[in-house]
A.B. asks: 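For reference, the structure I am asking about is given below.
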4 protein chains.
Amino acid sequence: MADGTVAADQLRLFIERIERLEEEKKGIADDIRDVYAESKSNGYDTKTMRAMVRLRKMEIHTRQEADALLETYRIALGLS
Amino acid sequence: MADGTVAADQLRLFIERIERLEEEKKGIADDIRDVYAESKSNGYDTKTMRAMVRLRKMEIHTRQEADALLETYRIALGLS
Amino acid sequence: MADGTVAADQLRLFIERIERLEEEKKGIADDIRDVYAESKSNGYDTKTMRAMVRLRKMEIHTRQEADALLETYRIALGLS
Amino acid sequence: MADGTVAADQLRLFIERIERLEEEKKGIADDIRDVYAESKSNGYDTKTMRAMVRLRKMEIHTRQEADALLETYRIALGLS
DNA sequence: ACGTTTGCGCTTTAGC
DNA sequence: GCTAAAGCGCAAACGT
């Protein structure tokens, strides 16, 4: 078997792994859509819910940055 | 327990389900990044690989659209 | 005349140019709507027409992507 | 010349008119991108400018609605 | 590391 | 009113 073929097979495998993962990602995205739809059928406003999710994510992110900063200080000061 | 509380609990559950799914989606996206990185370390060009994946997806999509259009024609013309 | 005023004038001009262009764009979009409406009054199915336009655009795009990918290969392989 | 051919020609003309208009629309959109780019190279923040354009559009829209309401009242009250 | 550019997701809008 | 598609904004990714 020539190297070219081996390389082609390896490349093909990488591509297929990526495509498989992208399908999974698509599936999760569809699940998220379904939850929003279910929420809507229960009387909740989708746009507002998306805003809530976005806001919570930002808050988590902000909190993590604050924690990282504290950790940096802790190490810099040689604290356990 | 008041209705308001029940509703709040239900909303919270929906939000948490969405956040859980978004974490999963993020995980898959990270996996995809890893595969591209692994491919790169095996000598493949990331940009080219992304183009290949994108092209394959587009071709599938174009084919599906073409099929749907033919079906539309078929129905419009009253063919079985 | 202070620099602040000059800057404000320049910014205002940029904003107005954008707004003018967006009006033009809106006008074109309205023209497109009109053509679809005229087509419909001539007995053509709007949905099918939109699908045709979309499909033709996708095919052109797919072709261009394929060409670009070939070019990428060519360069990667050091071919003239 | 058969009716089928005439119809096909007419349809083709409609499609081509639409495609021509969509190209024009694309051109305008590109021009808008250029103005934002030029603004950026002059030191203005693109994101902020987009927010300004959006806000002004909303205000114009709000103003128009208010005017329309006033006009409705005027007519309802038989005022000149 | 930064700035640019491209792809992806969301929002909004149009059609049924 | 709801579904689907087009347009827009953002964010990651590439190149410098």
Side-chain angles (χ1 to χ4, degrees), chain A residues 18 21-22 25-26 28-34 36-37 40-41 43 45-55 57-58 61, chain B residues 18 21-22 25-26 28-30 32-37 39-40 44-58 61 64-65 68-69 72, chain C residues 18 21-22 25-26 28-37 39-40 44-55 57-58 61 64-65 68-69 72 75-76, chain D residues 18-19 21-22 25-30 32-34 36-38 40-41 43 45-55 57-58 61:
Chain A
I18 289 164
L21 286 167
E22 294 214 332
K25 186 153 74 83
K26 179 73 161 52
I28 307 282
D30 290 343
D31 289 345
I32 293 172
R33 287 181 65 92
D34 290 344
Y36 276 117
K40 188 175 187 175
S41 70
D45 178 59
T46 304
K47 188 174 178 178
T48 304
M49 286 186 65
R50 286 185 186 274
M52 290 174 64
V53 171
R54 211 181 312 131
L55 187 60
K57 193 191 292 180
M58 285 174 62
H61 192 219
Chain B
I18 289 164
L21 286 167
E22 295 216 330
K25 186 154 72 82
K26 179 73 162 51
I28 307 284
D30 290 344
I32 292 172
R33 287 179 63 92
D34 291 344
V35 178
Y36 277 116
S39 304
K40 190 171 186 174
Y44 297 105
D45 178 58
T46 304
K47 187 174 181 179
T48 303
M49 286 187 65
R50 286 185 185 274
M52 290 174 66
V53 171
R54 191 164 58 248
L55 187 58
R56 283 165 63 108
K57 194 192 294 179
M58 282 177 63
H61 192 204
Q64 288 175 343
E65 279 264 316
L69 184 56
T72 301
Chain C
I18 289 164
L21 286 167
E22 294 215 331
K25 187 153 72 80
K26 180 72 162 53
I28 306 283
D30 290 344
D31 289 344
I32 292 172
R33 287 180 62 92
D34 290 345
V35 178
Y36 276 117
S39 303
K40 191 173 187 175
Y44 298 106
D45 178 58
T46 304
K47 186 175 180 178
T48 303
M49 286 186 63
R50 285 185 186 274
M52 290 174 65
V53 171
R54 193 164 57 246
L55 187 58
K57 194 191 294 179
M58 282 177 62
H61 192 203
Q64 289 174 342
E65 279 264 316
L69 184 56
T72 301
I75 293 170
Chain D
I18 289 165
E19 288 177 341
L21 287 167
E22 295 215 331
K25 187 154 71 82
K26 179 76 160 52
I28 307 284
D30 291 343
I32 292 172
R33 288 182 64 93
D34 290 344
Y36 277 117
E38 190 184 345
K40 188 173 186 175
S41 71
D45 178 59
T46 304
K47 189 173 178 179
T48 304
M49 285 187 65
R50 286 183 186 276
M52 289 175 65
V53 171
R54 210 180 313 129
L55 186 60
K57 193 193 292 180
M58 285 174 62
H61 190 219

A.B. asks: For the pair made of CG in C:L55 and P in F:dA5, what is the distance, rounded to whole Å?
C.D. replies: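 Value for this atom pair: 13 Å.
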A.B. asks: According to side chain to side chain donor-acceptor pair (under 3.5 Å), who are the partners of B:Y44, at least two apart in sequence or on a separate chain?
C.D. replies: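 Here the qualifying residues are A:Q10.
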A.B. asks: Checking D:T46 now: which residues fulfil side chain to side chain donor-acceptor pair (under 3.5 Å) with it, not counting sequence neighbours?
C.D. replies: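 By the side chain to side chain donor-acceptor pair (under 3.5 Å) rule, D:T46 matches no residue at all.
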A.B. asks: Which whole-number value in Å describes the distance from B:Q64 CD to F:dA5 P?
C.D. replies: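 Checked: the CD to P distance equals 12 Å.
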A.B. asks: For C:H61 and E:dT6, what is the distance between atoms NE2 and P respectively, to the nearest whole Å?
C.D. replies: 11 Å
A.B. asks: Please enumerate all residues that pass salt bridge (Lys or Arg N to Asp or Glu O under 4.0 Å) together with B:K40, with sequence neighbours excluded.
C.D. replies: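 Partners of B:K40 under the salt bridge (Lys or Arg N to Asp or Glu O under 4.0 Å) test: none.
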A.B. asks: How does each nucleotide of nucleotides 8-16 of chain E score, in 5' to 3' order, for protein heavy atoms under 4.0 Å: base (B), sugar-phosphate only (S), or none (-)?
C.D. replies: -S-SS-SSS
A.B. asks: Go nucleotide by nucleotide along DNA chain F from the 5' end; which of B:E65 and D:A29 gets its closest nucleotide reached first?
C.D. replies: B:E65
A.B. asks: Can you tell me how far P of F:dA5 sits from CG of B:L69, to the nearest Å?
C.D. replies: 13 Å
A.B. asks: Does any part of the side chain of B:K57, heavy atoms only, come nearer than 4.5 Å to the side chain of A:E22, both counted from C-beta?
C.D. replies: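 Yes, side chains in contact.
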A.B. asks: Sequence neighbours left out, what passes side chain to side chain donor-acceptor pair (under 3.5 Å) with B:E65? Give chain and number order.
C.D. replies: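 Checked B:E65 against side chain to side chain donor-acceptor pair (under 3.5 Å); matches are C:R54.
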A.B. asks: Which residues satisfy the side chain to side chain donor-acceptor pair (under 3.5 Å) test with B:D45, sequence neighbours excluded?
C.D. replies: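 For B:D45 the side chain to side chain donor-acceptor pair (under 3.5 Å) partners, ignoring immediate neighbours, are B:T48.
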A.B. asks: C:L21 CG to F:dC8 P: how many Å, rounded?
C.D. replies: 12 Å
